[in-house]
K.L.:
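A single structure is presented below for examination.
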Amino acid sequence: MPGTELFGAEERKEINDVMETGVLFRYGHDAQRNNHWKAKDFETEVKKITGAKFAHAMSSGSTAIAAALASSGIGTGDEVIVPPFTFIASIEAVLFIGAIPVFAEIDETLCLSASGIEKAITPKTKGVCLVHMCGGNAEMDSIMAVINKHNLILVEDAGQAFASSYKEKFTGLFGKAGSYSFDFFKIATAGEGGVLVTNDETTYKKADVYSDHGHNHEGTNRGMENHPYLGFNYRISELHAAIGLAQTRKVPGIKESNHKNKKFLQNLLSKNSNITFAKLGDESGDSATFLNIFLTDTETAKRVVAEMNANGVGGFNYWFTNMYHFINQWDHLKNMQTVSKLPVQLTGSSQDYNKLSLPKSQEVVGRLISFGVRCTWTDHEMTELASKIIACVEKVTASVKV
Ligand SMILES: *Cc1c(COP(=O)(O)O)cnc(C)c1O
């Protein structure tokens, strides 16, 4: 989680600006706020990095993806194609706006594939919630061809892929709207926060209104301005935005260090022929927050994980069994355990979530181990880590051959 590696004076300065005026609210209070507009500045910084025409900061990546889906016109009864490998927020967002998740296959990019999407399309499919996993980017040319061919709405959950781009265009900007997360575990953190981006003004205005109880933020009479739609409270506070602003300014530097370190480690690991690497839609646009390695098969990956745990190698995720990011761990979803009734429990789904067959996704995530790339790593630390990983892989693969 690189952002938190570089936490310090810059974040304190932005926070102190807010503390000095006491205006913790992002709207109005013009006389008291001493011209500090942290949420607006945070949005401007995100626009600067991504080239998005519009950005709207919110309370979390989860609320930003929900707002992106709703503002794109997806709602109750609409089927949305989703991946089985994602932080569950993407699926919850689809469910809580009333829509119906339909799971499709990912591939070695760790993202939905064009063929996976196409196979999951039904007459009720309205859109696709594409998740750019582990800092990377999906194979956008082939995905856009399917989106356009079937006239679907694309919404991108780039929660883990802020500052990642595909052929010079940033994740989040390929469809109607996209979202980034700034929670504690991402390339930059606001403590808690998210940012919706879009190049479409109508979608932006809907998201702006939707995320603040319908206020359209025009004029100066807070509360009594126009309210074109119903909304809810997805607002970010100035304190969170202040941290997000300071952190976002550091992202170009973080990305550069991540790239260098990822390449260094990858070169060392590629000396072992049992280790291969996840694909990227566009390697040069990678935010490089993760080095994603593949072992030959799930059994080998599990044994390497056990070996690394036994030898004190840390800093990695084995999503297949040990993390909350894969469908195998989502029993509450499969059994529809909800605190109160959701629209999907009335509309039904074309998929039985208990009987999904996603062999490609199982195979890909089964042999995947992801190392968090640190922007502050030294060459010495990376060399040590690589030799420990290789030793574990060699031990496992040697014992398999015997
Ligand atoms: C982190 C994350 C989210 C949720 O973000 P929060 O800010 O924690 O709500 C959504 N989608 C993906 C893919 C994520 O990794």
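Reckoned from all heavy atoms, side chains included, excluding hydrogens, waters and symmetry mates.
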K.L.:
State whether a side-chain donor-acceptor pair under 3.5 Å links S211 with H56.
P.N.:
yes
K.L.:
For the CG atom on N35, are there more than 12 heavy atoms of other groups (residues, nucleotides or ligands in this structure) within a distance under 6.0 Å?
P.N.:
no
K.L.:
Ignoring hydrogens and geometry beyond distance, is a side-chain donor-acceptor pair present between T376 and E5 at under 3.5 Å?
P.N.:
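T376 vs E5: donor-acceptor pair found between side chains.
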K.L.:
Does any part of the side chain of M140, heavy atoms only, come nearer than 4.5 Å to the side chain of L154, both counted from C-beta?
P.N.:
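Of all side-chain heavy-atom pairs linking M140 with L154, at least one is under 4.5 Å.
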K.L.:
For L346, I'd like to know if atom CG has over 12 heavy atoms of other residues, nucleotides or ligands within 6.0 Å.
P.N.:
yes
K.L.:
In sequence, state the C-alpha distance, the side-chain angles, and the governing distance for M58 and I236, and then conclude on side-chain contact (heavy atoms from CB on, under 4.5 Å).
P.N.:
CA-CA 5 Å; M58 298 193 200; I236 191 166; 5.6 Å; no
K.L.:
Please list, chain by chain and in numerical order, all residues satisfying ring pair (Phe, Tyr, Trp, His ring centres under 6.0 Å) with H29, sequence neighbours excluded.
P.N.:
none
K.L.:
Quick test of your reading of the model: are E14 and K38 salt-bridged, counting only N-O distances below 4.0 Å?
P.N.:
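Yes, this pair counts.
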K.L.:
Are any non-hydrogen side-chain atoms of K388 and N311 less than 4.5 angstrom apart?
P.N.:
no
K.L.:
Would N34 and T21 count as having a side-chain donor-acceptor pair, cut-off 3.5 Å?
P.N.:
no
K.L.:
According to salt bridge (Lys or Arg N to Asp or Glu O under 4.0 Å), does anything in residues 82-102 pair up with another residue at least two apart or in another chain? List the pairs.
P.N.:
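Qualifying pairs: none.
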K.L.:
In chain order, what residues pass the salt bridge (Lys or Arg N to Asp or Glu O under 4.0 Å) check against R235, with sequence neighbours excluded?
P.N.:
D212
K.L.:
I'd like to know if the side chain of T125 and the backbone of G127 have a donor-acceptor N/O pair within less than 3.5 Å.
P.N.:
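Answer holds: no.
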K.L.:
side-chain contact (heavy atoms from CB on, under 4.5 Å) between S350 and V102: does it pass, once the steps are laid out?
P.N.:
CA-CA 8 Å; S350 60; V102 170; 4.0 Å; yes
K.L.:
Answer yes or no: is there a side-chain heavy-atom contact under 4.5 Å between N317 and N322?
P.N.:
no
K.L.:
What are the two closest non-hydrogen atoms of F182 and V195, and how far apart are they?
P.N.:
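Residues F182 and V195, closest heavy atoms: CE1-CG2, 3.6 Å.
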K.L.:
With sequence neighbours left out, which residue pairs that include part of residues 101-120 fulfil the salt bridge (Lys or Arg N to Asp or Glu O under 4.0 Å) condition?
P.N.:
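The answer is E108-K360, E108-R367, E118-K149.
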K.L.:
For atom CZ of F232, decide whether the heavy atoms of other residues, nucleotides or ligands shown that lie under 6.0 angstrom number more than 12.
P.N.:
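No - once you tally the heavy atoms of other residues, nucleotides and ligands closer than 6.0 Å, there are 12 at most.
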K.L.:
Who passes side chain to side chain contact (heavy atoms under 4.5 Å, CB included) against T198, sequence neighbours left out?
P.N.:
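Side chain to side chain contact (heavy atoms under 4.5 Å, CB included) list for T198, sorted by chain: F54, A177, L196, D200, T203, Y204.
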K.L.:
Under 30°, 30 to 60°, or over 60°: which ring-plane class applies to F85 and W319, parallel, tilted or perpendicular?
P.N.:
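Judged by the thresholds at 30° and 60°, the geometry between F85 and W319 is perpendicular.
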K.L.:
Determine, stepwise, if the pair V131 / H325 fulfils side-chain contact (heavy atoms from CB on, under 4.5 Å).
P.N.:
CA-CA 12 Å; V131 184; H325 296 61; over 6 Å; no
K.L.:
For E256, I'd like to know if atom CD has over 12 heavy atoms of other residues, nucleotides or ligands within 6.0 Å.
P.N.:
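No - once you tally the heavy atoms of other residues, nucleotides and ligands closer than 6.0 Å, there are 12 at most.
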K.L.:
Less than 4.0 Å between a side-chain N and a carboxylate O, is that true for K250 and E10?
P.N.:
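So E10 pairs with K250 through a salt bridge.
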K.L.:
Under a 3.5 Å cutoff, is there a donor and acceptor pairing between the side chains of N137 and T171?
P.N.:
no
K.L.:
Please check if any side-chain donor atom of D208 sits under 3.5 Å from a side-chain acceptor atom of N216, or the reverse.
P.N.:
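Their side chains do not contain a donor-acceptor pair, so the 3.5 Å distance test is not met.
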K.L.:
Please state whether the rings of H215 and H217 are parallel, tilted or perpendicular, taking 30° and 60° as the class boundaries.
P.N.:
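Ring orientation, 0 to 90° scale: tilted.
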K.L.:
Go through the structure and list residues passing side chain to side chain contact (heavy atoms under 4.5 Å, CB included) with K126, not counting sequence neighbours.
P.N.:
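Partners of K126 under the side chain to side chain contact (heavy atoms under 4.5 Å, CB included) test: I74, D78, I153.
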K.L.:
Can you find a heavy atom in the side chain of T300 that is under 4.5 Å from one in the side chain of N274?
P.N.:
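No; the side chains remain at least 4.5 Å from each other.
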K.L.:
When rounded to the nearest 0.5 angstrom, what is the spacing between NZ in K186 and CD in Q160?
P.N.:
5.5 Å
K.L.:
Do V396 and L295 touch side chain to side chain, with heavy atoms closer than 4.5 Å?
P.N.:
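V396 does not reach L295 side chain to side chain.
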K.L.:
Is it true that a side-chain atom of S361 and a backbone atom of I106 form a donor plus acceptor pair closer than 3.5 Å?
P.N.:
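Yes: the side chain of S361 pairs with the backbone of I106.
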K.L.:
Rounded to the nearest 0.5 Å, what separates atom CG in L265 from atom CD1 in I389?
P.N.:
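CD1 of I389 is found 5.5 Å from CG of L265.
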K.L.:
Which residue pairs satisfy the salt bridge (Lys or Arg N to Asp or Glu O under 4.0 Å) criterion with at least one member in residues 259-284, sequence neighbours excluded?
P.N.:
K262-D286
K.L.:
The criterion is ring pair (Phe, Tyr, Trp, His ring centres under 6.0 Å); which residues satisfy it with H36, sequence neighbours excluded?
P.N.:
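With sequence neighbours excluded, H36 shows a ring pair (Phe, Tyr, Trp, His ring centres under 6.0 Å) to no residue whatsoever.
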K.L.:
Should we say atom NE2 of H380 is surrounded by more than 12 heavy atoms from elsewhere, each under 6.0 Å from it?
P.N.:
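Open.
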K.L.:
Not counting sequence neighbours, list each pair that qualifies as a salt bridge (Lys or Arg N to Asp or Glu O under 4.0 Å) and has a residue in residues 163-176.
P.N.:
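Passing the test, one end in residues 163-176: D141-K167.
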K.L.:
Taking L130's backbone N and O only, do any of them form a donor-acceptor pair with E156's side chain (distance below 3.5 Å, no angle check)?
P.N.:
no
K.L.:
Run V146 and V128 through side-chain contact (heavy atoms from CB on, under 4.5 Å) and show every step you take.
P.N.:
CA-CA 10 Å; V146 173; V128 175; over 6 Å; no
K.L.:
Is it the case that more than 12 heavy atoms not belonging to M19 sit under 6.0 Å from its CE atom?
P.N.:
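Count not over threshold, so no.
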K.L.:
Starting at CZ of F170, measure out to OG of S165 and round the result to the nearest 0.5 Å.
P.N.:
4.5 Å
K.L.:
Rounded at 0.5 Å granularity, tell me how far CH2 in W330 sits from CZ in F103.
P.N.:
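Result: 5.5 Å between the selected atoms.
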K.L.:
Looking at K334, I'd like to know if its NZ atom is crowded, meaning that more than 12 non-hydrogen atoms belonging to other residues, nucleotides or ligands lie closer than 6.0 Å.
P.N.:
yes
K.L.:
Angle between ring planes, F371 versus F316, binned at 30° and 60°: parallel, tilted or perpendicular?
P.N.:
tilted
K.L.:
State which residues pass side chain to side chain contact (heavy atoms under 4.5 Å, CB included) with T44; sequence neighbours excluded, sorted by chain then number.
P.N.:
none
K.L.:
Taking the side chain from S142 and the backbone from E139, do they hold a donor-acceptor pair closer than 3.5 Å?
P.N.:
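Side chain of S142 to backbone of E139, a donor-acceptor pair under 3.5 Å: yes, one is there.
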K.L.:
Nearest 0.5 Å please: distance from the CG atom of N226 over to the CG atom of N221.
P.N.:
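Rounded to the nearest 0.5 Å, the CG-CG separation comes to 10.5 Å.
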K.L.:
Using the salt bridge (Lys or Arg N to Asp or Glu O under 4.0 Å) rule, take R33 and E238 through it: C-alpha gap first, then chi angles, then the decisive distance, then the call.
P.N.:
CA-CA 11 Å; R33 68 190 312 137; E238 284 286 276; 2.9 Å; yes
K.L.:
Please identify each residue that fulfils side chain to side chain contact (heavy atoms under 4.5 Å, CB included) with Q362, with sequence neighbours left out.
P.N.:
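For Q362 the side chain to side chain contact (heavy atoms under 4.5 Å, CB included) partners, ignoring immediate neighbours, are F320, F326, I327, N328.
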K.L.:
Do the side chains of Y166 and F174 get nearer than 4.5 Å, heavy atoms only?
P.N.:
yes
K.L.:
Under 3.5 Å, is there a donor-acceptor pair between the side chain of Q329 and the main chain of Y324?
P.N.:
no
K.L.:
Taking everything shown except N148 itself, do over 12 heavy atoms lie less than 6.0 Å from its CG?
P.N.:
yes
K.L.:
If you round to the nearest 0.5 Å, how far is NZ of K255 from OG1 of T289?
P.N.:
10.5 Å
K.L.:
Answer yes when E43 and K47 have at least one side-chain N-carboxylate O distance shorter than 4.0 Å, and no when they do not.
P.N.:
no
K.L.:
My understanding is that only residues two or more places apart in sequence, or in another chain, count here; which of them pass ring pair (Phe, Tyr, Trp, His ring centres under 6.0 Å) with F294?
P.N.:
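With neighbours one apart ignored, the set is empty.
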